[in-house]
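Before any comments, here is the structure.
Letters A, B, ... are given to chains in the order of the sequence lines, protein chains preceding strands, and every chain is numbered from 1. Just so we're clear, the structure is a prediction, and the values are computed from it rather than from any experiment.
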Protein chains: 2
Amino acid sequence: MVFAGQGDPRRSMALLWRDERPGGTRTRQWPGPKPALSVEVIVRAGIAVADAEGMAALSMRAVGERLGRTAMALYTYVPGKSELVDLMYDQVLAELPDDYDLAAGWRAAVTSWAEDTWEFYLRHPWVLQVSQARPVLGPHEYRALETLLALLYATGLDSAVLRPVVGALVHVVRGAARTVAESRAAAASTGVSDEDWWLARSGMLEEVVPDFAERFPLLVRLETEGAAPVTDDAVPYLEREARATFEGGLAVVLDGVEAAIRRTH
Amino acid sequence: MVFAGQGDPRRSMALLWRDERPGGTRTRQWPGPKPALSVEVIVRAGIAVADAEGMAALSMRAVGERLGRTAMALYTYVPGKSELVDLMYDQVLAELPDDYDLAAGWRAAVTSWAEDTWEFYLRHPWVLQVSQARPVLGPHEYRALETLLALLYATGLDSAVLRPVVGALVHVVRGAARTVAESRAAAASTGVSDEDWWLARSGMLEEVVPDFAERFPLLVRLETEGAAPVTDDAVPYLEREARATFEGGLAVVLDGVEAAIRRTH
DNA sequence: GACGTTACTTTATGGCGTAAGGAGACGGCA
DNA sequence: TGCCGTCTCCTTACGCCATAAAGTAACGTC
């Protein structure tokens with residue numbers, strides 16, 4: 001798990017918000033060689049590494065190498081790795097849309113939001129590994145939350161009711177996306193596809209635990225009855241399930257929100 | 001993130017299920033010195049380290065040291081670190097209760113389950129960092145799922161409907177618990193309490209972003225109106241919020257389940 | 001041309017997982 | 001009784017990691 005930088009918080013904040021006030025990011029510093037890099041370039045390189053190779057492969061060396069520099073060169077621009085991760089996190093959140101149409105009602109809007117967020121996480125799975133406690137407090141993180149709140153306040157619900165709803169929505173989307181993200185990461189890092197992995201394991205289970213069906217009857221029932229229908233053979237089993245969990249889980253939460261609305265009338 | 005062992009899956013499975021069939025875990029192997037350790041002892045030491053110092057501090061050296069051995073001594077019993085983590089994970093899941101009373105209805109039972117699971121995660125926060133894709137497939141993990149399914153099938157809902165419900169429940173509980181877990185981990189590893197951290201950051205925010213209230217009006221509204229009431233001063237702010245998110249989020253999901261039940265009648 | 005500042009490098013420290021090989025303990029057999 | 005094969009556990013070593021410290025070279029100003 002990667003934590004928010006424990007270094008000078010003032011410097012972290014200035015970096016996140018690209019502080020332009022006097023005393024913030026320095027402009028035209030005179031002596032010395034011209035900087036070949038910049039915070040932006042480094043953050044972008046970090047995102048590229050994390051997107052391509054995953055969070056586990058994100059090292060200062062790897063980022064430096066991608067820019068033709070050593071790891072230590074980065075420390076001129078960024079206090080350390082955890083601050084770099086914070087900056088990457090907030091930067092990549094800028095991709096999230098913030099213009100949702102409420103004309104078709106809050107439920108349709110929140111569903112679009114969830115869909116966009118889901119796709120965002122699958123595009124940048126490493127984001128799911130950035131710690132959520134002690135939030136990064138960057139501009140794009142705040143903007144993303146503000147966007148969701150605009151949709152939820154359209155329900156007419158109280159702030160006190162909305163608070164856990166925000167949490168539930170975020171957790172359901174993140175949780176389901178995490179399953180896909182980790183599954184892909186595992187496939188990439190081991191070279192074994194989900195299908196092959198599952199086949200090998202389930203075969204072994206039968207061998208090692210012959211009385212499985214008697215010990216876990218409900219599990220077998222859920223597995224055999226409730227499987228998501230195969231609509232596209234190209235999508236592996238685990239991802240199909242995660243997608244169904246995402247859609248179904250979202251629907252359950254939104255049903256709960258509707259119940260809360262009905263209750264206040 | 002820690003992935004399931006990519007070593008010999010047969011060996012992993014045998015370890016997880018403590019295979020006693022011929023060819024499984026060997027009994028009375030003759031020559032050589034008597035083993036002073038055992039898989040059980042090592043797994044327990046690993047759990048102790050992770051409970052006390054967090055997943056980040058779990059190293060083969062640390063576990064060995066706790067047993068008065070070197071890191072390499074563990075490799076006689078366990079193929080590698082990721083398998084050890086799998087074993088720790090499944091072992092600690094044995095703590096979860098599996099006898100819930102359905103007499104007061106499924107909703108009360110699921111609420112107790114959620115409460116127990118919540119407490120379990122706070123007791124062993126490192127569990128939240130074990131990868132969920134490619135599940136460990138150990139006996140206690142299956143038992144835990146079977147337990148929850150027994151409560152959910154009492155709703156009378158279809159397997160296909162129940163599947164995403166399981167996901168949503170697990171994600172809401174895990175997500176909220178993760179917030180507390182990461183917050184405590186951050187406090188422990190940096191020595192800065194949530195309160196102090198937040199105070200420092202929010203002060204700096206005001207300084208760096210003076211127009212915050214105009215840029216993020218809904219966020220300010222949620223923050224000022226929706227805060228969880230202070231019932232116990234000993235519980236820090238962030239944990240109080242996470243607890244409210246847990247309770248409220250659970251209620252929203254269960255309301256959604258009730259809506260699904262009503263729909264099928 | 002000298003000087004102070006800056007960008008970036010090299011080197012070093014102390015962590016990690018784990019491969020390889022060696023030391024010593026022990027049961028079974030001669 | 002002593003040897004042998006096997007087993008536990010150790011030391012050593014390798015290649016990663018983040019990053020501290022110190023050195024080198026480029027550059028604007030004087």
Side-chain angles (χ1 to χ4, degrees), chain A residues 1-8 11 25-42 45-46 49-50 53-88 129 189-190, chain B residues 1-8 11 25-42 45-46 49-50 53-88 129 189-190:
Chain A
M1 199 56 53
V2 183
F3 291 117
Q6 48 260 54
D8 179 9
R11 171 132 187 240
T25 303
R26 184 177 7 264
T27 44
R28 44 181 239 123
Q29 71 284 42
W30 284 331
K34 288 180 177 120
L37 304 178
S38 68
V39 174
E40 265 75 18
V41 167
I42 290 172
V49 170
E53 326 257 358
M55 197 61 141
L58 182 81
S59 66
M60 297 301 268
R61 273 174 175 77
V63 176
E65 221 158 276
R66 182 170 280 253
L67 297 167
R69 295 292 127 90
T70 65
M72 291 311 289
L74 310 181
Y75 285 86
T76 306
Y77 301 89
V78 154
K81 186 181 180 182
S82 71
E83 286 85 355
L84 173 57
V85 171
D86 286 352
L87 289 168
M88 289 165 51
Q129 290 179 55
S189 88
T190 64
Chain B
M1 201 55 52
V2 182
F3 291 117
Q6 48 261 53
D8 180 7
R11 173 134 184 239
T25 302
R26 183 176 12 261
T27 43
R28 44 179 240 122
Q29 70 283 42
W30 285 326
K34 284 178 180 124
L37 303 179
S38 67
V39 174
E40 264 77 16
V41 166
I42 291 173
V49 170
E53 326 256 358
M55 195 62 140
L58 182 83
S59 67
M60 298 300 272
R61 280 171 173 84
V63 176
E65 220 158 280
R66 181 169 279 255
L67 297 167
R69 295 292 126 87
T70 64
M72 292 311 291
L74 310 180
Y75 285 86
T76 306
Y77 301 88
V78 153
K81 185 182 179 181
S82 71
E83 287 85 355
L84 172 58
V85 171
D86 287 352
L87 289 167
M88 289 166 53
Q129 290 179 53
S189 87
T190 64

Here the pair of heavy atoms bringing A/M60 nearest to A/G80 is CE-C, 4.2 Å

C/dG15 P sits how many Å from B/E65 CD, rounded?
10 Å

Would you mind reading off the distance between B/K81 atom NZ and D/dC16 atom P, rounded to a whole angstrom?
18 Å

Candidate nucleotides D/dC17, C/dC8, C/dG24, ranked by approach to the side chain of A/S59 - the nearest:
D/dC17

Roughly what angle, to 10°, lies between the helix axis at the start of the helix from C/dG1-D/dC30 to C/dA30-D/dT1 and the one at its end, five pairs per end?
30°

Inter-residue atom distance B/Y75.OH - B/I42.CD1, 0.5 Å rounding:
11.0 Å

Where the side chain of A/K34 is concerned, which of C/dA7, D/dG28, C/dG24 is the nearest nucleotide?
D/dG28

First locate atom CZ of A/R61, then atom CG of A/L74, and finally report the distance between them rounded to the nearest 0.5 Å.
11.5 Å

Separation of D/dC16 atom C1' from B/M60 atom CE, nearest Å, is 17 Å

Would you name the heavy atoms of B/A50 and B/M88 that are closest together and state the gap between them?
CB-CE, 3.8 Å

Heavy atoms within less than 4.0 Å of DNA chain D: which residues of residues 68-79 of chain B have one? Give them sorted by number.
B/R69, B/T70, B/M72, B/A73, B/T76, B/Y77

Taken to the nearest 0.5 Å, the spacing of B/L84 CG from B/L58 CG works out to 6.0 Å

How long is the line joining CD1 of B/I42 and P of D/dT8, in whole Å?
11 Å

More than 12 foreign heavy atoms under 6.0 Å from CD of A/E40: is that the case here?
yes

Looking only at heavy atoms, the pair that brings A/V49 and A/A57 closest together is CG1-O, 3.8 Å

Side-chain donor/acceptor of B/R61 to base of C/dG17, under 3.5 Å:
yes

Taking A/Y77 for the side chain and A/L37 for the main chain, is one N or O donor matched with an acceptor at less than 3.5 Å?
yes

Do B/V85 and B/M55 have side chains that approach each other closer than 4.5 Å (heavy atoms only, starting at C-beta)?
yes

Specify the separation, in whole Å, of atom CG of A/L37 and atom C1' of C/dT9.
13 Å

